[in-house]
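Model, not experiment: these values are computed from the prediction.
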Amino acid sequence: MSSPPKTIRNIDVRKQHVMSFRETWHLCIQGVKHRLFRSALTLAVVVLAVAFFMFLLSESMFERAVARGVTGEDAAARASQVLLTKMLSPASDAISVERLAALHARAAADGAEDAAAEFTGATGFAGERVLALAARAAQERVYAEWLDALPVGKRLILVGKRTGRAAFRHMIENREELHRQLGIMVDVRVPGRLEGLDAFLDAFPAYEKEMAAFTAAWNAAVAKADEATAAAAGAKEVDRWVPDAPPDAAEAWRASLAALGFRFGPDDLALMRTQLREANEYSDVLDALNRPALRKEWSTKFRETKATSAEEKMPQLADPRAAQLLPQFPAELLPRIAARHAVAARLALLQDRLAPVLRAKTAAFGLTGRQIFLLCISFLVCMVGIANAMLMAITERFREIATMKCLGATDGYILSQFMLEAALQGFFGGLLGAVVGFVIAVARSGLAYGAHLWRYFPAGEVALCFVFSLAAGVLLSALASMQPSWSASRMAPMEAMRVE
Amino acid sequence: MTEFNEAKYAEGREVLVSVHDVRRTFWRGEEPVHALDGVTLNIYRGEYICVMGPSGSGKSTFFNAVGGLDTPTSGRVFIDGVDMAQLNADELAFLRCRKIGYVFQQFNLNTTMTALDNVTLPMVFAGVSADESRARGMALLERVGLGDRWNHRPKEMSGGQMQRVAIARALANNPSILLCDEPTGNLDLKSGKDIHLLLHDLNKKSGVTVICATHDPNMLSVSDRMVWITDGRIARIAESKDVEIAQNSLGAGEEED
Ligand SMILES: Nc1ncnc2c1ncn2[C@@H]1O[C@H](COP(=O)(O)OP(=O)(O)O)[C@@H](O)[C@H]1O
Ligand SMILES: [Mg+2]
């Protein structure tokens with residue numbers, strides 16, 4: 001028998017050719033075209049997982065969008081009342097602080113100058129002056145809230161039983177004591193640190209004076225506006241007079257208020273007229289329904305229902321019998337009020353139901369901790385499902401892998417081919433899953449919110465969710481296939497070949 | 001029966017594969033199975049060698065050891081003077097890609113690919129350009145008599161045709177060795193014969209070394225040399241011309257049952 005060769009020749013065994021991405025992609029696609037539907041199981045798992053993910057994500061987006069929308073929806077309707085009140089009723093310092101603090105918040109968000117203009121006209125205070133005052137007002141609110149939130153015992157020590165501005169004045173007068181006490185209360189956190197509080201207290205007397213001047217200026221303007229209104233409306237209540245007044249009289253009234261420095265344009269007037277008219281109609285009908293004589297007649301006419309309050313009777317206004325009971329109103333008005341009432345009731349219901357959504361603490365992406373937890377769980381379930389499906393798919397193809405290795409495929413090529421395949425499956429599964437999840441979310445939210453969903457449809461966010469879900473599908477599949485692909489790629493061909 | 005004389009046989013021949021005291025032990029629970037139990041063999045360039053033996057005798061294990069598909073428990077395998085145990089995964093891939101062509105009993109074609117794509121796959125792994133591999137693939141398919149079938153998929157072909165595609169694929173990168181593990185095991189008699197003749201033809205005309213594991217005695221007529229393995233050991237080596245008579249009787253015996 002022979003012995004091994006004595007001299008070992010170094011023939012050309014080099015490193016194997018590294019497949020380019022193009023080559024890998026090409027081979028992969030060739031297989032995928034045929035396998036895509038055979039690997040339906042993997043695909044189904046991906047679809048299911050991504051659908052669940054997309055559903056959770058879009059539903060919470062819809063919920064927030066509708067919640068935000070409905071909260072603002074009747075703001076316009078209330079705006080005319082607010083505007084009237086603002087122009088025609090005198091303000092106190094407290095009200096000024098409230099308004100200026102709100103201005104300060106808005107100024108931070110939008111254009112500062114423009115926001116200040118609503119006060120500069122009537123008060124004669126320049127824009128920067130209003131803004132400076134607004135900044136101080138915001139500070140006052142911060143420190144007042146801080147004092148309110150302190151434990152009672154500590155508050156007693158710091159300011160006694162004083163509240164509001166009296167508390168500030170007390171702190172100014174007893175500054176040394178304040179510093180000493182705050183030095184002891186190590187767990188009390190002062191907004192803006194002690195320096196901030198000191199600066200605020202230093203500026204407080206001047207600020208208080210300025211605020212008083214502001215309120216006085218405002219009230220002087222309001223008194224003049226009152227006069228102008230009284231001249232225009234005569235004895236009539238202003239919110240009755242505004243919708244019914246002849247157009248040129250209303251316009252003259254508006255112009256006189258605008259001349260006094262109130263930001264009150266023709267559009268505001270038009271809006272105010274329709275809104276006040278509707279509000280008046282509504283309250284007239286409500287009054288009529290509340291009259292005892294009518295209540296009795298109503299219950300005999302509408303025997304079949306047990307509506308007791310005027311609110312409950314609103315939907316019945318659409319009924320022709322209601323017109324007989326309320327002949328003083330034009331016939332077409334009652335159904336209109338019923339319809340408006342239905343819309344408002346639905347809005348109120350949604351606002352009520354969705355208020356917690358806006359108040360809820362959001363951890364990230366507008367999702368609450370609970371939702372994120374759910375998403376994580378769904379992710380984990382997806383991972384396990386996809387990993388299992390991938391493992392099966394790869395085990396099935398051991399022979400193919402072994403053959404490819406015999407033909408010269410490197411471990412790296414096998415790994416990248418299988419991960420690429422998984423990512424492709426993840427992409428198509430993700431696409432399908434995102435559509436399915438989206439459709440389910442739309443169906444469910446559509447049932448819950450109706451037209452409000454379309455009005456406040458968060459198209460941009462949904463597009464983002466789509467991208468997210470797709471990425472999740474691709475990533476999950478690639479990650480889940482990593483381990484099985486890795487071990488398959490490392491197997492000796494003989495090992496894999498044996499599996500019949 | 002003449003005794004095989006290695007020294008005389010080796011005269012004027014060049015060793016291509018050298019298997020030295022190779023053992024491969026599998027563990028069936030606590031109990032060791034010695035699939036290869038000290039096999040030492042030289043295979044010469046241009047030779048057509050048949051590895052015979054009953055099922056379970058260790059032919060496939062030998063095939064795997066020579067082809068670099070498995071690592072022996074002990075012993076060494078040299079191909080063209082290169083110690084297989086010294087190669088890393090990448091170099092092994094290089095070797096499998098260009099030095100050795102594999103033909104399996106189950107054909108192991110990629111069922112989603114056409115015949116041509118199957119044949120050019122090893123060229124893709126070797127980094128051959130698409131145009132060149134296409135031309136070479138067509139030539140190889142013509143060589144095995146399937147030039148008009150290049151666009152067929154495995155399921156549209158007979159077993160014999162699939163095995164021809166597999167042979168063409170094994171030859172893709174001009175290997176010096178063609179390793180066949182029972183290439184006719186899944187074929188009918190007629191197709192099996194055709195495959196033998198094809199392998200014989202390739203061996204004689206292209207000079208590729210053929211190592212063929214089989215228990216099909218019909219293979220004997222085309223081979224230069226035969227090695228019998230039983231229970232993981234080489235039981236006998238003989239040149240075919242010396243066993244002509246015995247083969248005929250063996251063939252007759254096979255056909256009876
Ligand atoms: N991976 C393995 N694990 C355990 N036993 C094996 C393995 N591969 C082969 N064997 C055993 O080794 C022996 C030889 O097998 P094999 O080489 O496949 O024989 P042949 O190809 O000649 O039919 C058999 O007894 C078989 O059961
Ligand atoms: Mg075998």
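- Between B/Cys97 and A/Gly408, the shortest heavy-atom distance links the atoms CB-CA, 3.5 Å.
- For residues 16-23 of chain A, a heavy-atom distance under 4.5 Å to chain B picks out A/Gln16, A/His17, A/Met19, A/Glu23, given by residue number.
- Put simply, CG on B/Asn64 and CE on A/Met494 are 5.5 Å apart, with the number rounded to the nearest 0.5 Å.
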Output a table of donor-acceptor pairs, distance under 3.5 Å, between side-chain atoms of residues 433-449 of chain A and any protein atom two or more places apart or on a different chain; print 'none' if there are none.
{"residue": "A/Arg444", "atom": "NE", "partner": "A/Glu59", "partner atom": "OE2", "Å": "2.8"}
{"residue": "A/Arg444", "atom": "NH2", "partner": "A/Glu59", "partner atom": "OE2", "Å": "3.3"}
{"residue": "A/Ser445", "atom": "OG", "partner": "A/Ala441", "partner atom": "O", "Å": "3.0"}

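- For the set B/Asn173, B/Asp117, B/Thr61, the count of heavy-atom pairs under 4.5 angstrom toward chain A peaks at B/Asp117.
- The residue among B/Ala172, B/Ala126, B/Ala170 with the most heavy atom pairs within less than 4.5 Å of chain A is B/Ala126.
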Per-pair distances, 0.1 Å, donor-acceptor, side chain in residues 470-480 of chain A, under 3.5 Å, sequence neighbours excluded:
{"residue": "A/Ser477", "atom": "OG", "partner": "A/Gly473", "partner atom": "O", "Å": "2.8"}

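- Neither the backbone nor the side chain of B/Phe63 comes within less than 4.5 Å of any heavy atom in chain A.
- Of the two parts of B/Leu87, only the side chain, counted from C-beta on, holds a non-hydrogen atom closer than 4.5 Å to a non-hydrogen atom of chain A.
- Annotation: the span from B/Ile100 atom CD1 to A/Leu407 atom CG amounts to 12.0 Å, rounded to 0.5 Å.
- Atom-to-atom distance recorded for B/Phe94:CZ and A/Thr410:OG1 is 13.0 Å, nearest 0.5 angstrom.
- For a residue to count as touching a neighbouring chain, one of its non-hydrogen atoms must lie under 4.5 Å from one of that chain's; by this rule B/Asn108 touches chain A with backbone and side chain alike.
- Residues passing the ring pair (Phe, Tyr, Trp, His ring centres under 6.0 Å) test with A/Phe62 are A/Phe457, sequence neighbours excluded.
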Evaluation steps, side chain to side chain contact (heavy atoms under 4.5 Å, CB included), between A/Glu400 and B/Leu109: CA-CA 8 Å; A/Glu400 185 189 331; B/Leu109 294 179; over 6 Å; no

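- Counting heavy-atom neighbours within 6.0 Å of B/Arg233 CZ, excluding the residue itself, gives a total of 12 or less.
- Considering every non-hydrogen atom in both A/Ala492 and B/Leu69, the closest pair reads CB-O, 3.6 Å.
- Looking at A/Pro493 and B/Tyr102, their side chains never come closer than 4.5 Å, going by heavy atoms from C-beta outward.
- The 12-atom threshold is exceeded at CZ of B/Arg13, counting heavy atoms of other residues, nucleotides or ligands nearer than 6.0 Å.
- The CZ atom of B/Phe125 lies 11.5 Å from the NZ atom of A/Lys405; values are rounded to the nearest 0.5 Å.
- Within the 4.5 Å cutoff, no side-chain heavy atoms of A/Thr403 are placed close to those of B/Asn110.
- Surrounding CG of B/Asp231 are at most 12 heavy atoms belonging to other residues, nucleotides or ligands under 6.0 Å away.
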